[in-house]
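Heavy-atom basis, side chains included; hydrogens, waters and symmetry copies ignored.
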Amino acid sequence: MTMVTTPPTPPTPPPPALPVRDRTRIPAGALSPMLVRLAAERATGVLIRERGALYLADGQVVHAESPDTPGLDLLLGAHGVLDAEGWHEAFAQAGERGRVGRYLVDRGRLTTGALELCHLGALYDAAYFVLEPSSAPARFRYGAAHWLGPVHPVSVAAVERETLRRRALLHRIWPDPAADEAPLARTSRPAGPSVPPRQAAVLHLVDGRRTASDISRALGRPAFHTLVDVHRLAAAGLLTPDVPPPPVLPPAHPAPPPLPEQPGGLGAPGGLGGPGGLGGPGGPGDPGDPGGTVPAAPDAPPAPPPSAPREWSPAHAGEPPRDPAEADPHITLLRRLRAALEAL
């Protein structure tokens with residue numbers, strides 16, 4: 001008999017992994033996963049979040065806006081670089097074409113270096129607030145462009161890295177974030193001569209109503225720079241956030257309304273404590289009434305119930321009250337037997 005040897009069957013290779021698009025691979029710790037995905041797509045448009053917007057061109061950030069920061073026009077005008085007339089002229093001539101920045105440079109209103117420096121400062125300043133944690137949904141509009149035009153694009157990684165650095169700086173100076181948004185109020189501690197002029201200008205505008213963003217607009221400074229001064233003044237004990245107290249919530253189980261006063265109630269005539277009532281003048285338990293009955297103490301044993309009175313009839317008129325036991329026939333029989341035994 002011939003034995004046939006079959007070669008071993010090779011192991012079945014595992015199935016190939018499902019394809020995963022690169023844009024879904026989001027690094028851990030990203031401030032905005034949606035922003036990282038858009039950067040990987042090299043998308044162009046505007047990402048709108050709760051506290052502002054980021055404009056993208058080919059996946060890079062070209063501009064940022066936030067209502068918490070002063071705009072580029074205000075920053076340029078506050079430092080005397082560009083007046084309001086020159087800004088309005090540039091916006092009217094090149095705003096629709098999205099070339100305001102290039103128009104200012106071509107007309108000699110700004111140098112390229114000055115425009116890039118101011119633009120980067122405004123971009124990082126607004127991006128800090130746009131990338132704040134938020135529970136509101138974000139949305140992206142493809143194809144939208146900013147009227148300023150491209151000046152100096154910045155990568156998404158650089159914007160997130162700078163935002164995290166600024167957060168760590170504020171936390172290191174003064175860890176309480178309440179001063180970032182609440183109205184600011186001065187404390188009773190006087191400001192000494194050691195307060196730098198830059199911080200003194202911020203402290204001068206603290207009036208219990210303005211926030212850090214309001215002060216930054218009044219001074220024409222970037223909002224983050226104002227936050228740094230606010231945190232340092234708070235750490236020195238010169239100002240404090242004016243946070244309103246939490247509202248007083250009603251109880252979960254409100255007390256029932258009081259019962260309306262009824263005739264004969266507490267203090268009423270005939271009621272407890274009232275005239276003619278228990279404990280009242282002329283009533284039972286009145287100390288001034290000799291015939292009054294003082295109520296028993298709460299711990300005293302209850303008195304035995306009185307026997308039922310005999311029903312009155314004219315035949316019993318004038319008779320003394322009889323013992324209730326006399327009405328029992330068994331007791332009467334026993335008494336007769338006892339009397340007969342005693343007679344023997």
Using a strict 4.0 Å threshold on nitrogen-to-oxygen distance, state whether Arg109 and Glu89 make a salt bridge. yes
Grab the two heavy atoms, one from Tyr103 and one from Ala94, that are nearest each other, plus how far apart they are. CB-CB, 3.9 Å
Return yes if some donor-acceptor pair links the side-chain N/O of Arg221 with the main-chain N/O of Ile215 below 3.5 Å, else return no. no
For the CZ atom on Arg167, are there more than 12 heavy atoms of other groups (residues, nucleotides or ligands in this structure) within a distance under 6.0 Å? yes
Is Leu47 close to Met34 at the side-chain level, that is, under 4.5 Å between some pair of heavy atoms? yes
Hey, quick one: are Tyr142 and Val61 part of the same hydrophobic cluster, counting side-chain heavy atoms closer than 4.5 Å, chains of contacts allowed? yes
Look at the side chain of Arg141 and the backbone N and O of Val46, then say whether any donor-acceptor pair between them is shorter than 3.5 Å. no
Please give me the minimum heavy-atom distance between Ala223 and Ser216, naming the atom from each residue. CA-CB, 3.8 Å
So, taking the atom named CD in Glu132 and the one named OG in Ser66, what distance separates them when rounded to the nearest 0.5 Å? 9.5 Å
Do the side chains of Val130 and Leu120 join up, straight or via other hydrophobic residues, at under 4.5 Å, putting them in one cluster? yes
What's the separation between atom CG in Asp229 and atom CG in Leu203, rounded to the nearest 0.5 Å? 10.5 Å
Honestly curious: do Val156 and Tyr124 fall in one hydrophobic cluster under the side-chain, below-4.5 Å linking rule? yes
Pair Glu181 + Arg51, salt bridge at N-O below 4.0 Å: yes
Under 4.5 Å between side-chain heavy atoms, counting indirect links through other Ile/Leu/Val/Met/Phe/Trp/Tyr residues: same cluster for Phe129 and Leu54 or not? no
For the residue pair Ala179 and Ala212, what are the closest heavy atoms and their distance? O-CB, 4.3 Å
Which heavy atom of Leu75 sits nearest a heavy atom of Ala122, and at what distance? CD1-CB, 4.2 Å
Between Asp125 (side chain) and Tyr128 (backbone), is there a donor-acceptor pair under 3.5 Å? no
Sub-3.5 Å donor-acceptor pair from the side chain of His231 to the main-chain atoms of Trp174, do we have one? yes
Taking atom CZ of Arg42 as the centre, does the number of heavy atoms from other residues, nucleotides or ligands within less than 6.0 Å exceed 12? no
Please check: side-chain N/O of Thr226 versus main-chain N/O of Pro222, any donor-acceptor pairing under 3.5 Å? yes
Taking only residues two or more places apart in sequence or in another chain, which ones pass side chain to side chain contact (heavy atoms under 4.5 Å, CB included) with Pro177? Asp180
Does any part of the side chain of Leu31, heavy atoms only, come nearer than 4.5 Å to the side chain of Leu164, both counted from C-beta? yes
Note: with side-chain heavy atoms under 4.5 Å as the link, the other cluster members for Val100 come out as Leu72, Leu76, Val81, Leu82, Trp87, Phe91, Leu104, Val105, Leu110, Leu115, Trp147, Leu148, Val151
Enter the distance from Glu162:CD to Leu131:CG here, rounded to the nearest 0.5 Å. 11.5 Å
Does any N or O in the side chain of Thr44 come within less than 3.5 Å of the main-chain N or O of Asp58, such that one atom is a donor and the other an acceptor? yes
Under a 4.5 Å side-chain heavy-atom rule over Ile, Leu, Val, Met, Phe, Trp and Tyr, are Val159 and Leu170 clustered together? no
Of all heavy-atom pairs between Ala182 and Pro241, which one has the smallest distance, and what is that distance? CB-CB, 4.0 Å
State, with a plain yes or no, whether a side-chain heavy atom of Arg49 is found less than 4.5 Å away from one of Ser32. yes
Is there a side-chain contact between Asp242 and Leu184 (heavy atoms, below 4.5 Å)? no
Quick one: are the ring centres of His63 and His119 less than 6.0 Å apart? yes
Going from CZ on Arg232 to CG on Leu239, what distance comes out if it is rounded to the nearest 0.5 angstrom? 13.5 Å
Do the side chain of Thr240 and the main chain of Ala185 share a donor and acceptor less than 3.5 angstrom apart? no
Is the shortest heavy-atom distance from the side chain of Arg107 to the side chain of Gln93 under 4.5 Å? no
Does a side-chain heavy-atom distance below 4.5 Å link Leu35 with Phe140? no
Check step by step if side-chain contact (heavy atoms from CB on, under 4.5 Å) holds for Glu160 and Val36. CA-CA 10 Å; Glu160 290 194 337; Val36 175; 3.9 Å; yes
How close do Leu238 and Ala191 get, heavy atom to heavy atom, and via which atoms? CD2-CA, 4.0 Å
Separation of Leu219 CG from Arg198 CZ (nearest 0.5 Å): 8.5 Å
